[in-house]
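This one's a predicted model, so the numbers in the text were calculated from it and none came from an experiment.
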Amino acid sequence: MHIVLARSADGGVVATRFVESGDDGGNELGIEPVAEPVSDLAAFVRTEEQARPRWVWDDTSRWYPELLAQHVRVERCHDLRLCHTILRYSQLTSGSALAMAQHNEWDAPAVAIVRREPDGALFELDERQEPGLPTDPLAEFRLQRAAVAASEEPGRIGRLLAAESAGALIAAEMRFAGLPWRAAEHDAILTGMLGARPAVDGERPAKLQELLTRLRELLEAPELNPDSPADLVKSLGRAGLIVTSTRSWELKKLEHPAIAPLLEYKKLARLLSANGWHWLDTWVVDERFKPDYVPGGVVTGRWATSGGGALQLPRQIRGAVVADDGWKLVVADASQLEPRILAAMAGDRDMVTAGAAGDLYAGIVASGAVETRDQAKVAMLGAMYGATTGESGRLMPRLARAYPKAIALVEHAARAGERGEIVSTRLGRSSPLPGAGWQQAQSQAYDETATQAQTARARSEARSWGRFTRNFIVQGTAAEWALCWMASVRRRLTALAGERWLTDAPHLVFFLHDEIVVHCPAELAHIVADEIRAGAAEAGTLLFGPLPIEFPLTVAIVDNYGQAK
DNA sequence: CACGGGTGCGCG
DNA sequence: AAAGCGCGCACCCGTG
């Protein structure tokens, strides 16, 4: 059963039930649905949830947080906006009325309803301000059902929509629970590396100030601001150090007494500005880090974040992520996920076999394709990213001889992209088309009047788009695997919880593309680890059926995140 | 003063 | 060793 929730013009909530009608594939929605007003949303959802419906709503981020705040969880949902975006572009539904229709309000990104102030307070923004067209979830849901039903692969696209929606629920729940964060520990890390917090915001902490003073002396540049690349290049030049950029790896090649303190300054300045005390004040509230996850925020289907930089948490400060007393963190990451995804997608049995023993790169070396593990790794990255030069570019052909099926798959995706065509992931998320400027440059390149520079530029842009589509199928399918994994883990943890509320039982607290963190009572940690492993196996089957491919995990049971890996 | 592009670096 | 994919964020600096 589905229950569609909508907001009426007067701000009230209206619910409409759908009951599946036999085996018609879901296109027809059976008896004509009746809308009913809902006065107490939380109570309504809590009651109806016992029948395990799938809740249908415009944006999970606009409905679910307030339910969670009232301690109401839902098992399943259908996020209309996220699903609309998938169906709009998917090659599996390209002939549908939804895909053929003009762009409309469902193509617009969800509007954030809260913003975070530096003091940690939440600032409420207006509800969707843009006038737009009135959204009709019911009509949109019908269009989406029809698009899936008419697809040649309703199973695949249906699984993708379910996984994407589950991801939206998980994002809201992780935001609600937050990542356990010890502000005092974070402060201790900062103080140890930078010196005490300055009394006045904006002043440099002691260690940074010392480094700056030394740098200015060593470079004889009393006014130097190392945060300004232009200023730095100039000052280095006056000291006889000619550089075209101030990137760390570039500076490392130089021999000069100022280089070591400069690299140290850059490292500490980065820590201070990205994850210093200001970040701590803004994003950590009541010993929890609560970032805004953005499911589907990346074209490939990966999540993004908005504010807080949750997906870039530096290793330096992971020691501040500490489990509550009597609790543990179970940290699990999928080993070598993307190359394994590639092997599975291509059905390349030799590459699958190479990874079967645990270390795919070691397996590639054992097959004789390359000599060292580092070579295997660099060559695989080159294959997935489209390297043409350097060691990676040189090693790739050897990989192609050893694993023709896997390499042919990414080469095929690259050629399609170069021609301006669409490619798709395993479950049917499709790449966007290149922009109008790209198309125009390509057609002009074959024009007789095209200059050599124009032709070269067009070729370069074509190859660049080919690298994007080459990577899209792998990164996007890996993102699907991760969503299925996480959805499975969530289901298993919910079963484990019984009647206990979300944060009183094992629950997901972090997700990082191919890695998850579960916060759980210490005595359940080993059971949780088993469930996480079972979830990975389930995700593999969901995507690749009976293909005997393993997605091995590295699982660590720790007190703080810094201890993992 | 606000805005936006460029740079650099954190993560996968 | 620094090439090839996807991001977000802080900072600098030129422009309006």
Which nucleotide wins on minimum distance to the side chain of [X], given the candidates [options]?
| X | options | answer |
| --- | --- | --- |
| A/Ala387 | C/dG6, C/dG4, C/dG8 | C/dG4 |
| A/Arg270 | C/dA10, B/dG12, B/dC9 | B/dC9 |
| A/Thr305 | C/dG6, C/dG8, C/dC12 | C/dG8 |
| A/Tyr385 | C/dG6, B/dC9, C/dG4 | C/dG4 |
| A/Val298 | C/dG6, B/dC9, B/dG12 | C/dG6 |
| A/Ser392 | C/dG8, C/dA3, C/dC5 | C/dA3 |
| A/Asp227 | C/dG8, C/dC12, B/dG12 | C/dC12 |
| A/Trp249 | B/dG12, C/dA2, C/dC11 | C/dA2 |
| A/Gln312 | B/dG8, B/dG12, C/dC9 | C/dC9 |

Mind checking [X] for me? I need base, sugar-phosphate or nothing, with any heavy atom below 4.0 Å counting as a touch.
| X | value |
| --- | --- |
| A/Asp231 | nothing |
| A/Val299 | sugar-phosphate |
| A/Leu313 | sugar-phosphate |
| A/Arg315 | sugar-phosphate |
| A/Arg302 | base |
| A/Arg463 | nothing |

Rounded to whole Å, the CZ-P distance (A/Phe468 to C/dG4) equals 17 Å
Exercise. Hey, is A/Glu411 close enough to A/Arg470 for a salt bridge, meaning N to O under 4.0 Å?
Worked result: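 The answer is yes: the pair qualifies as a salt bridge.
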field: Short side-chain N/O contact to C/dC7 OP1/OP2 from A/Thr300, under 4.0 Å
entry: no
Between A/Trp279 and A/Phe289, is the gap from one ring center to the other below 6.0 Å?
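Yes, the ring of A/Trp279 comes within the 6.0 Å limit of the ring of A/Phe289, centre to centre.
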Taking a pair to mean Watson-Crick or G-U wobble geometry with both distances below 3.5 Å, C/dC13 pairs with B/dG4
C/dG4 glycosidic conformation (syn if within 90° of 0, otherwise anti) is syn
Cut-off 3.5 Å, side chains only: do A/Arg175 and A/Tyr64 have a donor facing an acceptor?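 Per modelled atom types, A/Arg175 and A/Tyr64 side chains form no pair under 3.5 Å.
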